[in-house]
Each structure stands twice: as structure tokens, then as C-alpha cells.
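What follows is a single structure, written as C-alpha cells, with notes after it.
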Amino acid sequence: MVTLERILDRKNIEKALLQVARNKGAAGVDGMLTEELQKYLNSNWRVLKMELLEGKYCPKAVREVEIPKPNGGTRMLGIPTVIDRMLQQAISQVMIPVYEEQFSACSYGFRPKRNAHQAVLQAQCLLKGGREWVVELDLEKFFDKVNHDRLMSRLSLTIKDKPTLSLIRKFLTSGILKDGVETVRTAGTPQGSPLSPLLSNIVLDELDKEIEKRGHAFIRYADDCSIYLKSERAAKRTASSITRYIEDKLLLKVNKEKTKVSYGEQSTLLGYSFEKSPTQSWMIQIPWTSINRVKRKCKALTKRSNGKSEKRVLENLKVLIEGWINYFQLATANTRALGNLDGYVRVRLRMHQWKAWKRAPARIKGLLRLGASKRDAYEHGHSSKSYCRIAKSWVLTKTMTNKVIKKRGYLGFVDSFYLKKKAQMSMF
DNA sequence: TTTACAGCGAC
RNA sequence: GUUGUCGCUGUAAA
Ligand SMILES: Nc1ncnc2c1ncn2[C@H]1C[C@H](O)[C@@H](COP(=O)(O)OP(=O)(O)OP(=O)(O)O)O1
Ligand SMILES: [Mg+2]
């Protein structure tokens with residue numbers, strides 16, 4: 001049951017506050033920082049709560065910031081005030097358990113206990129099961145094009161509490177501030193609001209139900225929807241049919257460039273691609289686009305102009321590559337691409353006349369092998385801890401002692417700071 | 001088991 | 001300057 005009382009409950013608000021505080025995000029239009037939210041609430045929470053219960057509270061405008069997208073174009077972020085971020089977080093926390101019960105099992109994005117790896121492994125299963133033709137759909141400017149009236153009416157099917165619905169609508173219609181000029185929002189949910197991901201899933205839950213009704217196998221991750229079919233003809237037919245459904249019924253726009261019908265080997269999903277091997281059926285692969293993306297990051301880290309020490313650059317590279325490999329662990333095909341990345345990193349290091357290029361930091365091929373072992377262990381239900389330990393001893397060579405001492409000192413400070421915060425919290 | 005910090009990825 | 005959700009890895013503390 002979603003009610004304003006439960007949303008504004010002390011325990012729920014404390015949790016929401018903690019989340020906003022630890023994100024350490026930038027300020028909204030009012031300039032209030034995340035560190036200042038606690039002491040603001042200590043003096044103003046009671047009046048704020050009264051305003052909310054009386055339906056008198058009006059959310060501030062979101063601050064619009066443009067950021068570049070990885071493959072060209074710009075993304076318009078809408079950054080709410082820290083107070084509004086906390087309130088939306090509080091709403092989200094109450095709504096999530098209710099909606100988790102009704103969401104589709106094939107939806108993987110923005111949902112607790114679900115991740116991209118599960119989606120990619122499921123895609124591999126579908127391909128292995130003979131559904132080798134893929135419809136890939138992506139929506140154009142998805143969050144920005146969400147229809148308010150459709151969303152509100154869908155919310156009212158589950159949420160019966162009028163004050164909550166009214167508050168959510170106020171958040172949807174709050175203004176947009178850019179270069180000192182405030183404009184009105186008539187559609188869309190801000191990219192950057194804590195509630196937006198959940199709302200977007202509520203919108204596309206309708207699509208999930210429609211695809212399920214038609215009996216198709218599919219995987220959805222946010223606005224990325226892949227449908228797996230057994231023939232090209234069926235794939236082409238459902239592509240146009242589902243596109244029509246999305247545009248006419250859901251009033252959203254399908255991205256024509258990112259949408260395609262292809263054989264499994266040409267399909268991509270969540271950074272991965274797939275390859276059909278004669279011996280092992282469908283294998284998971286890393287496409288060149290993903291390799292090139294991490295290469296660019298490596299290049300940025302090893303630029304001549306940034307005046308960082310060799311030690312520091314190597315540490316940063318290690319962290320980047322380790323984290324990257326950790327995500328792309330599922331890949332077992334096309335290991336040449338990984339060797340290529342390894343070679344690229346060594347060239348960048350040699351450019352600086354650094355001797356490390358022979359030894360570490362990459363060991364990418366070794367890491368891939370370990371990643372594959374880890375994946376096998378996971379699939380067969382065994383513990384993967386031993387593999388992790390092996391990877392650790394192989395990869396961590398130096399830079400450890402220095403870093404650990406620094407972190408220790410810092411952590412001690414943070415811990416005491418956190419305890420102080422918890423003590424302050426009981427004030428309001 | 002949980003919490004804090006650092007980071008990586010998907011969208 | 002850059003927000004948000006989700007997941008994961010590593011470290012540390014109970
Ligand atoms: N960095 C981010 N911060 C907040 N929200 C994000 C971020 N990246 C993606 N999203 C959300 C908002 C997007 O509308 C939605 C789908 O992502 P994506 O398809 O990459 O962009 P998009 O749909 O807005 O534009 P495009 O027309 O290029 O597809 O996911
Ligand atoms: Mg999109």
C-alpha cells in the first residue's frame with residue numbers, strides 16, 4: 001500500500017536522506033549541497049512535512065546540464081534539489097516493493113537484484129534455443145518523451161492514495177532551469193531524478209505485458225528491448241508491429257537508427273555481442289565498439305600532458321582495466337580483441353619510456369581466462385572465491401601498501417563522521 | 001550478515 | 001562542470 005504517510009515516515013525519510021548524502025551529487029537550483037541537507041532538515045523537517053501532508057509543497061525546478069553521450073550527441077540531465085531528490089527517493093522506496101511484484105521477469109533494467117549479466121546470459125540461452133533472429137528496439141530520448149497523462153493513469157491503477165499521485169504529478173511537471181531561464185515541462189521525466197527509473201519501468205511494463213501476450217521471448221533493459229524469434233520473416237513482422245504499438249498506443253518514439261532486425265551474430269546487447277561457433281553453439285563476445293571505448297579511456301589516462309606520476313597512472317590503469325574486465329567477464333569468444341587491448345596499453349606505456357610495459361599492468365589475456373573460469377563456476381553453482389583469489393594475487397603487484405595506508409586514515413575519519421551523522425539524525 | 005570508502009559497467 | 005537507478009569488483013571496520 002502506497003500512502004503519503006508511509007512515504008513521510010521517519011524511518012523511510014532517514015533512509016532516503018542517507019542515500020542522497022552518500023551519493024554526494026551536485027546541488028540543484030537552490031544551491032544546497034548534499035552535506036547541508038542533514039542540518040537543513042533538523043530545523044525545517046516538521047514544516048516541510050506539514051506542507052507535504054497538506055498538499056501545499058511545490059518541488060523546485062530541475063537544473064539542466066548537458067553532458068556528451070558516448071556515441072555522439074548530448075544528454076540533458078535534470079538535476080533536482082537535494083530536498084526533492086530525498087523526497088523522490090522516499091517515494092521510490094515505498095513504491096518499489098509494490099511494483100516489483102507485478103513487473104515482468106524479462107525486464108532487467110533499474111531493478112533490484114537484477115543486472116546486465118543476467119540479461120546477457122538469458123539472451124545466450126534464447127539464441128541456443130533456436131531463436132536466432134533478433135529484433136532490437138531502442139526508444140528515442142526515452143525519458144524526455146514519457147507521456148504524463150498516460151503515466152498518471154497507469155499509476156492510479158495501483159496507487160489509490162490521491163495525495164501521493166498529486167505529489168508525483170507535481171514532480172513530473174516541475175520546471176526546467178537553464179541559463180537562468182525557467183521553462184515548463186509538458187512531457188518526460190527528468191534524467192537524474194531518483195524516481196525516474198522506476199517510473200520508466202512502469203511505463204514500459206505495458207510493453208512487456210503486450211509482448212508476453214503475443215508469446216514472444218524477449219529481454220528488456222530500460223528502453224533497450226530485444227525480441228528473439230525463430231525466423232527472419234517473423235522477426236521483421238513483429239518489428240513493425242511492435243514499433244506501431246509503441247508509437248500509436250504508448251505514444252513513444254522508436255529510434256530508427258538504433259532499431260534493427262538481424263541474425264544473432266549481428267546483434268548487440270548491453271555492450272556485448274554474440275558468435276555462433278560450430279562446436280559450442282552460441283558464445284558471448286565483446287564487440288569492437290566496446291573495446292574501442294575502453295581504449296579511448298586508456299588513452300586519456302596515459303596522455304603526455306597530464307602531469308601524473310608513473311605510479312599514479314599505472315594504478316589508475318589497473319583500476320580501470322580490472323573494473324572493465326569484471327563487467328566483460330562473460331565473453332568467451334574473440335580473445336584476440338583482448339590481446340589487442342593488452343598490446344595497446346603496452347604501447348601507451350612504452351611511449352612514456354616506462355618499463356612497466358613489459359610486465360604489468362594489464363595481463364588482460366590472463367584475466368580473461370580467469371574471468372571465464374569464474375563464469376563457469378557461477379553457472380555450475382560452485383563458489384568462485386578461489387578464482388577471485390588467484391586473480392587478486394596475479395593482478396595486484398605493487399602500489400598496494402601506499403594506497404592501503406592512505407585509505408586507512410581516510411576511512412577512520414569517515415567512520416567517526418558517519419557515527420556523528422547518525423547521532424544528529426535523531427535530532428529531527 | 002551489515003556498514004563505510006574507492007572504482008567499473010549497463011541504461 | 002556531471003544527475004539518477006541498478007548491478008558488480010576491491011579495500012576496510014564492526
Ligand atoms: N547517465 C545517465 N543518467 C541518467 N539517466 C540516464 C543516463 N543514461 C541513460 N539514462 C536514462 C535516460 C534515458 O532516456 C534512458 C535511455 O538511455 P539511452 O537510450 O542511452 O538515451 P535516450 O533514450 O535518452 O536517447 P537516444 O535517443 O540516444 O536513445 O536511460
Ligand atoms: Mg534510447
Side-chain angles (χ1 to χ4, degrees), chain A residues 18-28 34 62-70 74-82 84-86 88-89 92-93 96 100 107-120 138-139 142-143 189-201 204 219-225 258 268-272 286 290 293-294 297 315-330 367 370-371 374 378 384-385 387-389 391-392 395-396 400-401 403-419 421-422:
Chain A
L18 221 62
Q19 172 72 0
V20 173
R22 74 173 157 218
N23 277 348
K24 294 172 171 39
T34 50
V62 293
R63 186 164 60 87
E64 192 175 282
V65 172
E66 283 186 21
I67 60 164
K69 277 194 249 187
T74 58
R75 161 166 280 118
M76 310 276 223
L77 297 180
I79 304 169
T81 295
V82 288
D84 290 335
R85 291 213 291 268
M86 181 194 74
Q88 293 196 37
Q89 180 65 40
S92 164
Q93 283 164 13
I96 280 174
E100 275 303 308
S107 162
Y108 292 90
F110 307 139
R111 291 183 59 187
K113 297 290 171 193
R114 284 164 176 267
N115 59 38
H117 282 173
Q118 296 167 338
V120 171
D138 189 278
L139 305 187
F142 173 42
F143 277 32
T189 179
Q191 303 187 37
S193 289
L195 192 55
S196 292
L198 173 61
L199 295 181
S200 80
N201 269 339
L204 289 190
I219 287 157
R220 187 172 68 78
Y221 194 103
D223 71 337
D224 223 330
C225 186
K258 288 196 200 170
T268 62
L269 181 68
L270 304 172
Y272 283 99
I286 308 177
S290 295
R293 194 149 40 198
V294 75
K297 289 199 171 189
E315 173 60 22
N316 290 347
L317 268 177
K318 187 177 79 63
V319 167
L320 171 70
I321 292 169
E322 243 180 330
W324 187 86
I325 287 283
N326 177 51
Y327 178 74
F328 285 102
Q329 261 173 14
L330 296 188
L367 274 168
L370 288 166
K374 196 175 162 183
Y378 175 72
S384 64
K385 278 197 174 148
Y387 295 109
C388 294
R389 284 195 204 290
K392 200 168 77 177
V395 179
L396 297 184
M400 200 169 157
T401 50
K403 183 94 185 199
V404 167
I405 288 163
K406 267 168 81 177
K407 271 202 177 175
R408 232 180 215 285
Y410 186 54
L411 190 65
F413 168 73
V414 170
D415 266 352
S416 60
F417 184 69
Y418 172 71
L419 288 173
K421 262 192 172 174
K422 284 292 260 191

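Protein chains get the first letters and strands the later ones, always in sequence-line order, with residue 1 at the start of each. Since the model is a prediction, treat every value here as computed from it, not as a measurement.
- For A:K113, the NZ atom counts as loosely surrounded, since its 6.0 Å shell holds 12 or fewer non-hydrogen atoms of other residues, nucleotides or ligands.
- For the pair A:F328 CZ and B:dC8 C1', the computed distance is 10 Å after rounding to whole Å.
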Fill in: Nucleotide pairing, RNA chain C (Watson-Crick or G-U, distances under 3.5 Å), in dot-bracket with [ ] and |
...|||||||||||
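- For A:E100, the side-chain contact (heavy atoms from CB on, under 4.5 Å) partners are A:I96, A:F103, A:R111, A:P112, not counting sequence neighbours.
- Nucleic acid contact for A:L270: sugar-phosphate only, since backbone atoms but no base atoms lie under 4.0 Å from a heavy atom of the residue.
- In this structure, A:K69 atom NZ and B:dA10 atom C1' are separated by 15 Å, rounded to whole Å.
- For A:V319, counting side-chain heavy atoms from C-beta on, the closest listed nucleotide (B:dG7, B:dA10, C:U5) is B:dG7.
- A:E64 comes within 4.0 angstrom of no nucleic acid atom, judged by non-hydrogen atoms across all strands.
- The A:V65 side chain lies nearest to C:U2 when the options are B:dA10, C:U5, C:U2.
- Put simply, A:K297 has a side-chain N or O that comes within less than 4.0 Å of OP1 or OP2 on B:dG9.
- One finds a side-chain N or O of A:R85 lying less than 4.0 angstrom from the OP1 or OP2 phosphate oxygen of C:G4.
- Within the 4.0 Å cut-off from OP1 or OP2 of C:U5, at least one side-chain nitrogen or oxygen of A:Q89 is found.
- Between A:F110 and A:R63, the residue anchored nearer the 5' end of RNA chain C, judged by the nucleotide with its closest heavy atom, is A:R63.
- Here C:U5 is the nucleotide among C:U5, B:dG9, B:dG7 with the atom lying nearest to any side-chain atom of A:P194.
- The A:R22 side chain lies nearest to B:dA4 when the options are B:dG9, B:dA4, C:G4.
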Practice prompt. Test A:Y327 against A:L270 for side-chain contact (heavy atoms from CB on, under 4.5 Å), laying out the working first.
Written response: CA-CA 10 Å; A:Y327 178 74; A:L270 304 172; 3.7 Å; yes
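- Atom-to-atom, CZ of A:F143 to P of C:U2 comes out at 19 Å; the value is rounded to the nearest Å.
- Atoms CG (A:L18) and P (B:dT2) sit 15 Å apart, rounded to a whole Å.
- Taking atom NZ of A:K318 as the reference point, atom P of B:dG7 lies 13 Å away to the nearest angstrom.
- Atom P of nucleotide B:dA10 and atom CG of A:N326 are separated by 12 Å, given to the nearest angstrom.
- With contacts defined as side-chain heavy-atom distances shorter than 4.5 Å, the pair A:I286/A:W324 qualifies.
- Each of A:I79 and A:N23 was matched to the nucleotide of RNA chain C holding its nearest heavy atom; the match closer to the 5' end belongs to A:I79.
- With sequence neighbours excluded, the residues forming a side chain to side chain donor-acceptor pair (under 3.5 Å) with A:T189 are A:S196, listed by chain and number.
- Listed by chain and number, the residues in a side chain to side chain donor-acceptor pair (under 3.5 Å) with A:R85 amount to none (sequence neighbours excluded).
- In terms of the side chain to side chain donor-acceptor pair (under 3.5 Å) criterion, A:S290 has no residue partners (sequence neighbours excluded).
- In this structure, A:P70 reaches neither bases nor backbone, as no heavy-atom distance under 4.0 Å exists between it and the strands shown.
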Show me the side-chain donor-acceptor pairs of residues 74-81 of chain A shorter than 3.5 Å, one per line, residues at least two apart or across chains.
residue, atom, partner, partner atom, Å
A:R75, NE, A:Q191, OE1, 2.7

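- Rounded to an integer number of Å, the gap from CZ of A:R220 to C1' of C:C6 is 13 Å.
- Distance, A:W324 CH2 to B:dA6 P: 25 Å, rounded to whole Å.
- For A:L77, counting side-chain heavy atoms from C-beta on, the closest listed nucleotide (C:G4, C:U3, B:dC11) is C:U3.
- At the phosphate of B:dC8, neither OP1 nor OP2 sits under 4.0 Å from any side-chain N or O atom of A:Q329.
- Of the candidate nucleotides C:U3, B:dC8, B:dA10, B:dC8 has the atom nearest to the side chain of A:L320.
- Side-chain nitrogen and oxygen atoms of A:R293 include none within less than 4.0 Å of the OP1 or OP2 phosphate oxygen of B:dG9.
- Within 4.0 Å of A:N201, counting heavy atoms only, lies no atom of the nucleic acid at all.
- A:L199 contributes atom CG, which lies 11.5 Å from atom CG of A:L204 (distance to the nearest 0.5 angstrom).
- Backbone-only contact: A:G323 has heavy atoms under 4.0 Å from sugar-phosphate atoms and none from a base.
- An OP1 or OP2 oxygen of B:dC5 is reached within less than 4.0 angstrom by a side-chain nitrogen or oxygen of A:K24.
- Within the nucleic acid shown, A:S193 comes within 4.0 Å of sugar-phosphate atoms alone, with no base atom in reach, counting heavy atoms only.
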